[in-house]
Trainee: 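Below you will find the structure I want to go over with you.
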Number of protein chains: 2
Amino acid sequence: MPGDKLTEDVIGDRFGVSRTIVRTVLARLYAEGLVDMQPNKGATIAQPSLSEAQDVFETRMCLERQVIARLAEKVTEDDMESLQRHVELETKANIHDGSAAIRLAGEFHILLASLSGNKVLARYVDEVVSRSSLILALYSRPHSSDCSINEHQQIIDALRQGDGQAAIDAMDHHLKAVADRALLSSTSDKHRDIRSILDRYAS
Amino acid sequence: MPGDKLTEDVIGDRFGVSRTIVRTVLARLYAEGLVDMQPNKGATIAQPSLSEAQDVFETRMCLERQVIARLAEKVTEDDMESLQRHVELETKANIHDGSAAIRLAGEFHILLASLSGNKVLARYVDEVVSRSSLILALYSRPHSSDCSINEHQQIIDALRQGDGQAAIDAMDHHLKAVADRALLSSTSDKHRDIRSILDRYAS
DNA sequence: ACCGATTTGTTTGTATACAATAATGCATAC
DNA sequence: GTATGCATTATTGTATACAAACAAATCGGT
């Protein structure tokens with residue numbers, strides 16, 4: 001799916017709106033790095049290179065460390081409760097609904113960021129999480145089970161015990177694991193880039 | 001100026017373009033936090049509250065620390081040279097052209113971020129630097145001399161000596177100083193919010 | 001049969017038109 | 001004099017129209 005053309009008319013017809021609307025949302029998605037755009041040539045679903053993917057994960061780690069550092073100082077009992085509830089949702093979904101599980105895994109990080117109370121941080125985390133999802137869709141093999149729920153649990157456990165450093169370490173460990181699953185599953189992106197070129201001449 | 005209405009028609013006329021163009025750039029500025037928008041009520045120049053300002057500076061510190069950490073490991077001689085050249089531009093401008101000095105001070109941070117080689121990081125730094133400028137325009141008193149050139153010099157000195165931790169400390173110190181100049185110059189924003197309300201009834 | 005040029009059809013970029021919503025001003029009532 | 005309701009104006013949100021750029025296909029020449 002990444003690399004696919006996003007023709008304004010087609011999308012507009014699909015949703016029953018005019019190109020005006022489609023255009024603004026495409027521009028927003030471009031700003032968020034989810035679609036690529038070239039002048040006079042329109043939009044395509046973004047196809048981040050390996051190095052872009054590394055940039056995203058590095059930035060994400062930097063941002064989420066800050067989220068945890070802030071939370072370690074100010075989490076309330078209510079916050080912990082909603083985090084715990086979320087992880088339980090994840091465990092349930094992980095059994096019978098794979099696509100919901102993937103969504104919830106991302107939303108855990110967004111929830112953390114919003115609980116931090118820093119809107120700017122939260123917006124950036126939201127962006128890098130979305131981009132991470134795209135990267136996973138691109139590079140990680142289909143059935144690499146995202147069994148990261150334990151890691152989520154470890155993070156909130158450390159937070160509950162008020163151990164900021166342990167929480168940061170847990171988050172670091174978790175994000176490194178996610179990045180590894182995505183980026184190390186393909187040694188080099190040449191192979192993937194070539195595939196894309198081949199695909200274009202295949203039909 | 002913050003709080004001012006940004007009417008699409010008048011901006012379009014001002015620049016000789018249609019509302020379409022104005023609309024897209026307003027949307028972009030909104031995404032960057034430089035203008036506020038309300039549904040059916042249009043755009044105004046953003047008026048970040050003190051707490052939003054704190055969020056921006058906290059996030060900025062987090063991002064720029066990462067920039068420095070990265071640079072400490074990979075700066076080239078060419079990088080150091082262009083950084084040094086930039087600081088010299090700043091010193092020159094500081095003497096005879098105040099407005100250029102302000103612009104260059106911001107661009108120093110953007111240059112650092114771009115030299116880091118991480119595009120995602122660089123975009124976010126660009127954003128928080130712009131927002132910081134807006135915050136300074138809002139909260140810092142007009143003639144608080146931004147004599148931060150020394151601080152810039154200290155950062156690149158530490159980088160040149162390959163002392164990553166010292167560079168991070170220098171950046172931390174610098175950003176804390178900038179934030180203090182902006183945020184501590186007004187004890188509470190009530191006073192400022194009230195002024196804005198009064199100003200509206202003053203003309 | 002292959003290459004290049006021209007022509008046709010698509011798709012994007014910008015401007016304009018129209019409907020819906022909000023802001024303003026005025027008249028009237030109290 | 002102040003407040004309330006209505007009418008007018010301004011401004012926004014969405015759709016459409018048109019021009020420019022691009023992609024593709026057709027045609028003619030070698």
Side-chain angles (χ1 to χ4, degrees), chain A residues 1-49 52 119 123 126-127 130-131 134 138 192-203, chain B residues 1-49 52 119 123 126-127 130-131 134 138 192-203:
Chain A
M1 203 87 173
D4 282 9
K5 189 79 206 301
L6 296 171
T7 307
E8 297 171 359
D9 268 331
V10 176
I11 298 174
D13 290 352
R14 189 81 165 56
F15 290 97
V17 296
S18 78
R19 278 180 55 216
T20 309
I21 313 283
V22 178
R23 226 150 193 302
T24 65
V25 40
L26 284 179
R28 193 161 56 82
L29 292 173
Y30 172 64
E32 290 171 9
L34 294 177
V35 316
D36 291 334
M37 293 194 77
Q38 284 183 321
N40 288 318
K41 296 183 108 192
T44 56
I45 298 180
Q47 226 174 353
S49 67
E52 287 176 78
K119 293 261 181 65
R123 187 170 79 72
D126 197 333
E127 260 186 49
S130 302
R131 294 179 78 165
L134 182 70
L138 236 191
R192 167 103 24 196
D193 279 344
I194 287 170
R195 251 209 72 147
S196 153
I197 292 169
L198 292 181
D199 285 348
R200 202 163 299 170
Y201 293 119
S203 72
Chain B
M1 202 91 172
D4 282 10
K5 190 78 208 303
L6 295 171
T7 309
E8 298 171 0
D9 267 331
V10 317
I11 298 175
D13 291 352
R14 188 81 167 55
F15 291 98
V17 296
S18 80
R19 277 180 57 217
T20 310
I21 312 283
V22 178
R23 220 145 199 301
T24 65
V25 38
L26 284 179
R28 195 162 54 85
L29 292 173
Y30 172 65
E32 291 171 9
L34 294 177
V35 316
D36 291 335
M37 292 194 78
Q38 284 183 323
N40 288 317
K41 297 182 106 192
T44 56
I45 297 179
Q47 224 173 353
S49 68
E52 287 176 76
K119 292 261 182 66
R123 187 170 80 72
D126 198 333
E127 260 186 51
S130 302
R131 294 179 77 165
L134 182 71
L138 236 191
R192 167 98 29 191
D193 278 345
I194 288 171
R195 250 208 72 146
S196 154
I197 293 169
L198 292 181
D199 285 346
R200 203 163 296 169
Y201 295 119
S203 70

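In the text below, chain A, chain B and the rest are named by the order of the sequence lines, each starting its count at 1. As the structure is a computational prediction, the values presented were derived from the model and not from experiment.
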Trainee: To the side chain of Lys5(B), which of dA17(C), dG13(C), dT11(D) is closest?
Mentor: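 Between dA17(C), dG13(C), dT11(D), the one nearest the side chain of Lys5(B) would be dT11(D).
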
Trainee: Asp9(A) side chain: which of dT12(C), dT12(D), dT16(C) is closest?
Mentor: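 Output: dT12(C).
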
Trainee: Could you state the atom-to-atom distance from CD of Glu8(A) to C1' of dT16(D) in whole Å?
Mentor: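 Atom CD in Glu8(A) sits about 14 Å away from atom C1' in dT16(D).
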
Trainee: Looking at CG of Leu6(B) and CE of Met37(B), how far apart are the two atoms once the value is rounded to the nearest 0.5 Å?
Mentor: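 Atom-to-atom, Leu6(B):CG and Met37(B):CE are 9.0 Å apart.
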
Trainee: Check the distance between dT10(C)'s P and Asn40(A)'s CG and give it to me in whole angstrom.
Mentor: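 About 19 Å, once rounded to whole Å.
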
Trainee: Less than 4.0 Å between a side-chain N and a carboxylate O, is that true for Arg23(A) and Glu8(A)?
Mentor: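 Answer for the salt bridge query: yes.
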
Trainee: Would you kindly give the CE-to-P distance between Met37(B) and dT11(D), to the nearest whole Å?
Mentor: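 Roughly 15 Å, once rounded to whole Å.
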
Trainee: With distance as the sole test, does Ser18(B) use its side chain to make a donor-acceptor pair with the main-chain N or O of Thr20(B) at under 3.5 Å?
Mentor: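 Pair found, side chain donor or acceptor close to backbone of Thr20(B).
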
Trainee: Atom CZ of Arg23(A) to atom C1' of dA15(D): distance rounded to whole Å?
Mentor: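 To the nearest whole Å, that distance equals 14 Å.
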
Trainee: With rounding to the nearest 0.5 angstrom, report the CZ to CG distance, Arg19(B) to Leu26(B).
Mentor: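 Atom-to-atom, Arg19(B):CZ and Leu26(B):CG are 10.5 Å apart.
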
Trainee: Would you indicate which nucleotide in dT12(D), dC22(D), dT14(C) comes nearest to any side-chain atom of Lys41(A)?
Mentor: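 Closest nucleotide among those given: dC22(D).
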
Trainee: Measure from the side chain of Arg19(A), starting at C-beta and using heavy atoms only, and say which of dG13(C), dT12(D), dA15(D) lies closest.
Mentor: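 Nearest listed nucleotide: dG13(C).
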
Trainee: Taking the minimum atom-to-atom distance to the side chain of Ile21(A), which one of dT14(D), dG13(C), dA15(C) wins?
Mentor: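 Nearest nucleotide to the side chain: dT14(D).
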
Trainee: Could you tell me the separation between the OH atom of Tyr30(A) and the C1' atom of dT12(C), rounded to a whole number of Å?
Mentor: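 Roughly 15 Å, once rounded to whole Å.
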
Trainee: Base, sugar-phosphate alone, or nothing: which one does Thr20(A) contact when heavy atoms must sit under 4.0 Å apart?
Mentor: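 Base contact.
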
Trainee: Among dG13(C), dT12(D), dT14(C), which nucleotide has an atom closest to any side-chain atom of Ser18(B)?
Mentor: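 Given the options dG13(C), dT12(D), dT14(C), the side chain of Ser18(B) is closest to dT14(C).
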
